[in-house]
Amino acid sequence: MLDIQLLRSNLPLVAERLALRGMTLNTAAFEALEAERKRLQVHTQDLQAKRNTLSKQIGMLKGKGEDASAVMAEVAGLGDALKAGEAALAELMPRFDTFLELIPNLPHESVPTGRDETGNVEILRWGTPRAIAAPRDHVDLGTALGGLDFEAGVKISGSRFTVMKGQIARLHRALTQFMLDLHTTEHGYTEVYTPYLVNPESMFGTGQLPKFEEDLFMVPRSDGSRLYLIPTAEVPVTNLVRGEILASDVLPLKFVAHTPCFRSEAGSYGKDTRGMIRQHQFDKVELVQMVRPDQSWDALEQLTGHAEAVLQKLELPYRKVALCTGDMGFSAAKTYDLEVWLPAQNTYREISSCSNFESFQARRMQARFRNEKNKPELLHTLNGSGLAVGRTLVAVLENYQNEDGSITVPAALRGYMGGTEKIGAA
RNA sequence: GGAGAGGUGGCAGAGUGGUCGAAUGUACCUGACUCGAAAUCAGGCGAUGUCGCAAGGCAUCCGUGGGUUCGAAUCCCACCCUCUCCGCCA
């Protein structure tokens, strides 16, 4: 959520920055709502003030044993106007809030301008793709090894679900353990285990609701309430600080969590239908930071580096891309994507997304800390995948494939694989 | 699921219809004392919104949502959560 004061004081600037994202801000609608809000609020609060003053007089008169009937008659006359004002405000404010809640974050000035993903800017490439003659994709490799069973996933649940078995399942688990250990022991993150089902308030806090409900799996409950399956650990972990006022010296907070992620992928039918690239359920190791506002831009570079370290230790070639204004997510002020090399697709594919949200999520969540003046101030939140485990498995299978269809286990993972050096070797 | 207790400021904890946004303690900030610190003493110290150039004013907030009343932390209704005991259970 944007700062309402910014819209009031500099609406053209906000509209201009949002235009970079391809969004047209309805400034006339905002100004009309704002004018109405101001009129109603001032009017209503004025009436409330009158009522309060008169009611206090009644209290004092009665306390002294004097007659208060004249004042009581006066305050009774306020009743209808007051009720009408309060009702009108109660009707208007949700519309006002909704307008604000549907506005995405403003892109940081360093974000490249562009309409869509073609406007993204490559920052760097790391590693050199190994020459593989006629590379096979992870579907062929995993199926042949008996470790990926897409048909079983379809039978049990439906499309976009996969079953992993044997050494492939273990490799998947090894990747998770490796990532968690790396981030906790070398990058200073605290491991957390969180719920996978969260309430609507949490989804609102990180920005998935109200605008992106169709991307989520929802679980209705018998009492009429609802829970949502998390689409990323970002939601439960970032919401740890929702409604909190933190002491300044606990910042920065750095959390890492491994969770399954659930996405309905509505609107992506026909995209990446083959294999494990786009699933309704996948595992991810997520990095989350809560920092002081003056440190969030340094933190974004560091956090991205932590995600890159995973790829480097696995010796997987990748590139780092700065998303342009038109390709960024709703809540982000700036995002770097890490894209891993997939030989069978002969291209780089997203495996991590690292963003600074500045105060956008914190304002929705009312997540604050006490600053030097001892006043509550919104903190900044960041997160990034470190990494998406399913896609990392795909990358390992494809980049470490051998001519005979076996998979060499990356050196960094062998300790997690009981020393196994090769999967599917005779 | 059943029975009971409880949810008040950063924390602890008073407050059962009228100057209560809320005693007190603690934490925190400022000052005094001190070479410095601790202790002690004095003062200050909730959040959000809104109006205003400002000084400052006003509104709202005592788990949440309704209701009663001129007036609600306080009374009524519903719900949520926490704790204790019982039942069930990986």
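All chains are named by letter (A, B, ...) in the order of the sequence lines, taking the proteins before the strands, and each is independently numbered beginning at 1.
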Under 3.5 Å, which N/O atoms of the protein pair with N/O atoms of nucleotides 60-66 of chain B?
residue : atom : partner : partner atom : Å
B/rU60  : OP1  : A/R51   : NH2          : 2.9
B/rU60  : OP2  : A/N52   : ND2          : 3.2

Report all interatomic pairs (protein N or O, nucleotide N or O of nucleotides 26-29 of chain B) with separations under 3.5 Å.
residue : atom : partner : partner atom : Å
B/rC28  : O2'  : A/N374  : ND2          : 3.3

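At the heavy-atom level, A/E201 lies nowhere under 4.0 Å from the strands shown. Nucleic acid contact class of A/R39 (heavy atoms, under 4.0 Å, all strands): none. When heavy atoms are screened at a 4.0 angstrom cut-off, A/A49 is found touching the sugar-phosphate backbone but no base atom. Using a 4.0 Å heavy-atom cutoff across all strands shown, A/L54 reaches no nucleic acid atom at all.
A/R8 has no side-chain polar atom (N or O) that falls below the 4.0 Å cut-off from OP1 or OP2 of B/rG49. Taking side-chain N and O atoms only, A/K375 has no distance below 4.0 Å to OP1 or OP2 of B/rC45. Under 4.0 angstrom from either OP1 or OP2 of B/rU50 there lies no side-chain N or O belonging to A/K38. Side-chain N/O atoms of A/Q5 include one lying less than 4.0 angstrom from OP1 or OP2 on B/rU50.
At whole-Å resolution of the value, CE in A/M72 and P in B/rC70 are 6 Å apart.
A/F204 carries A/R364 over the face of its six-membered ring, with the cationic atom under 6.0 Å from the centre and within 45° of the normal.
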Please determine whether side chain to side chain contact (heavy atoms under 4.5 Å, CB included) holds for the pair A/K254 and A/H306, giving the CA-CA distance in whole Å, both sets of side-chain angles, and the decisive distance to 0.1 Å. CA-CA 12 Å; A/K254 298 166 70 177; A/H306 297 150; 4.1 Å; yes
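Look at A/R37 and A/E34 and you find a salt bridge, because one of the NZ, NE, NH1 or NH2 atoms lies within 4.0 Å of a carboxylate O, short of that distance. Note on A/D283 versus A/R173: no salt bridge recorded, every NZ/NE/NH1/NH2 to OD/OE distance being 4.0 Å or above.
Both A/Q366 and A/V42 lie near RNA chain B, and the one whose nearest nucleotide falls closer to the 5' end is A/Q366.
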